[in-house]
Amino acid sequence: MLAKRIIPCLDVRNGEVVKGVQFRNHEVIGAIEPLAQRYATEGADELVFYDITASSDDRVVDKSWVERIARVIDIPFTVAGGIRTIAQAQEILAMGADKISINSPALRDPDLINALVDEFGQQCIVIGIDSFYNQEQNRYEVYQFTGDETRTQKTRWQTRDWLNEVVARGAGEIVLNCMNQDGVRQGYDLEQLTALRAHCPVPLIASGGAGAMAHFADVFTTANVDGALAASVFHKRVIDMGELKTYLAAQGVAIRPFTTTTQQGS
Amino acid sequence: MTSLVIIDTSCANLSSVRFAFERLGVEPVVTASPTVIRAADRVVLPGVGTAAAAMRNLQQLGLVEVIQQLEQPVLGICLGMQLLTDYSAEGNVDCLGVIPARTERMIAAGLPLPHMGWNTMTDPSASNPLLRGVESPAYCYFVHSFAVAVDQYTSAQCTYGQPFAAMIRSKNFFGAQFHPERSGTVGAQILQNFLALTDGD
């Protein structure tokens, strides 16, 4: 049975892993490779690396760490951040990334999605969507340039419409980041994720809000997402990967069992 | 020391396969040279992209007959496995035809496609030495929308909506639908077994 994926997300800025609260006030968590290796050893199913400043600074990700990660870990990983051309995507994939994730550049130029899918295949093209609940209008709205609060801006898209658009263009997976929940550890946005799951024929990954093991069980059983992304709860060891997997299995969630010995990190 | 060649199919992602073998202490040669490929002890046919594009690349590189005539162990990974079959519905193309099977679009009964993530490989066949020491069920990492139906050449299965071949084998040609290079210790065991194959296997 296909296992639900637990996906630690490492936000990368200036070559270090950082974590912000609702996309602001970034604090340094540590170096990239030791964290990547630790998560792979502890039983993470997949890793995502976001260069959070890339799109807003008009530069592509610093690539050298992609290859270093590919050398040391034996689970799949995705790289996101400022990839806006075929050549840039090719370079990242050639260095060993399994998937690339596109966010702001896809909003600026939706044809980029088609071009990437045609060139590399649907399976390695992930679209990240930053979605904010507008309480006044009672609707979900797509934002861009969320890596830099001074440039973050609302787009013309409502989230459901943009999801439909990127799927029609061939996206192979969607990461839905619910901005209202990000970094506050109050649980995933079950309402939004459940609504969008019904419109998403490709794998859907929940992002934003994980604070306790029960939140993972909730998002898998209620919203039926394929994977759950989380950052601070793993970086700060609020949740232990092995315990989380044991807990989810006991809750009846299909999970890849935690079998390897936990490596003691420093 | 066993010489290992990874065929450079002009597709993007060869590094992760190369690194996986390097973690096992082997330095693979990545090449499209027919001479080097023929002389290797082991040959890996990776694959990312579409079957039609990959077959076109192999034809342009003059590698179709070269691969078909290989007698040393050959391992096709993901799309590389599908290329070993007679035909792929992805682009409606004839493939290498060294394993008499067909690659068809998956029918996932309403489940999301691509089939992406860790799924269980079951029903391992004792006749496939790559499965030695691999527990069953074993979780492996899959990413695909096309698959080979279960038949006599299937040496392990997986189910997503319907059963399909997780591993296939005919003579010296082996295929894995999942990515052993990204399947943790299980994948490493399979790659190690590939390196350790003997004439008796």
Side-chain angles (χ1 to χ4, degrees), chain A residues 1-7 40-41 43-46 66-77 86 89-100 117-126 167 171-174 197 200-205 224-227 254-257 259-260, chain B residues 8 10-24 30 47-54 78-79 90-91 108 110-120 122 135 137-146 158-161 178-189 191:
Chain A
M1 183 178 249
L2 182 65
K4 300 295 188 184
R5 283 175 271 159
I6 306 296
I7 308 171
T41 308
D45 297 305
E46 190 170 324
V66 176
E67 183 170 318
R68 293 203 304 273
I69 291 162
R71 282 182 187 278
V72 297
I73 68 170
D74 57 7
I75 61 171
F77 71 97
I86 297 284
Q90 172 106 26
E91 201 170 0
I92 300 289
L93 292 168
M95 279 189 291
D98 298 276
K99 296 183 264 188
I100 52 170
V117 169
D118 287 347
E119 187 70 22
F120 305 111
Q122 181 191 26
Q123 76 289 336
C124 58
I125 308 302
V126 181
V167 167
E173 182 167 82
I174 305 296
R197 166 82 283 180
C200 187
V202 300
L204 178 65
I205 308 301
N224 194 29
V225 294
D226 298 280
I255 212 83
R256 180 173 69 115
T259 50
T260 48
Chain B
D8 186 353
S10 304
C11 293
N13 193 352
L14 303 175
S15 297
S16 57
V17 177
R18 178 161 61 88
F19 296 151
F21 280 107
E22 287 179 0
R23 288 194 292 272
L24 296 172
V30 179
V48 168
T50 67
C78 197
L79 175 62
E90 187 182 22
L111 297 169
L113 281 177
H115 173 222
M116 190 183 292
W118 297 80
N119 204 335
T120 43
T122 61
E135 77 270 30
Y139 277 91
C140 301
Y141 186 76
F142 291 85
V143 185
H144 60 121
S145 299
F146 289 77
C158 182
T159 298
Y160 189 67
F178 53 91
H179 287 271
E181 74 277 16
R182 284 285 178 257
S183 292
T185 53
V186 170
Q189 178 72 56
L191 296 180

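Numbers restart at 1 for each chain; the letters A, B, ... are given by sequence-line order, proteins then strands.
Looking at A:Pro201, only its backbone comes within 4.5 Å of chain B, counting heavy atoms on both sides. Only the side chain of A:Arg5 comes within contact range of chain B, judged by heavy atoms closer than 4.5 Å. At a 4.5 Å heavy-atom cutoff, A:Ala254 makes no contact with chain B through either its backbone or its side chain. Residue contact with chain A, scored on non-hydrogen atoms closer than 4.5 Å, involves the side chain of B:Ser145 exclusively. In this structure, the portion of B:Glu181 lying under 4.5 Å from any heavy atom of chain A is its backbone and not its side chain. Contacts of A:Glu119 with chain B are absent, with no heavy-atom separation under 4.5 Å from either backbone or side chain. Interface residue A:Ile255: only backbone heavy atoms are found under 4.5 Å from chain B. Using a 4.5 Å cut-off between heavy atoms, B:Thr120 contacts chain A through both its backbone and its side chain.
Looking only at heavy-atom pairs under 4.5 Å with chain B, the residue among A:Val117, A:Ile73, A:Asp226 that has the most is A:Ile73. The candidate from A:Ala70, A:Gly121, A:Gly227 with the greatest count of non-hydrogen atom pairs under 4.5 Å with chain B is A:Ala70.
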**OP:** Verify salt bridge (Lys or Arg N to Asp or Glu O under 4.0 Å) between B:Arg23 and A:Asp74, making sure each step is shown before the conclusion.
**Re:** CA-CA 9 Å; B:Arg23 288 194 292 272; A:Asp74 57 7; 5.3 Å; no
**OP:** Assess whether side chain to side chain contact (heavy atoms under 4.5 Å, CB included) is satisfied between A:Ile75 and B:Trp118, documenting all intermediate values.
**Re:** CA-CA 10 Å; A:Ile75 61 171; B:Trp118 297 80; 3.7 Å; yes
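The ring pair (Phe, Tyr, Trp, His ring centres under 6.0 Å) check on B:Tyr139 picks up nothing, with sequence neighbours excluded. Under the rule for a ring pair (Phe, Tyr, Trp, His ring centres under 6.0 Å), B:His179 has no partner lying at least two apart in sequence or in another chain.
Considering only heavy atoms from C-beta on, A:Lys99 comes within 4.5 Å of B:Met116 through its side chain. The shortest distance between side-chain heavy atoms of B:Pro112 and A:Cys200 does not fall below 4.5 Å.
A donor-acceptor pair is defined here as one N or O able to donate and one able to accept, closer than 3.5 Å; no such pair exists between the side chain of B:Ser16 and the backbone of A:Gly96.
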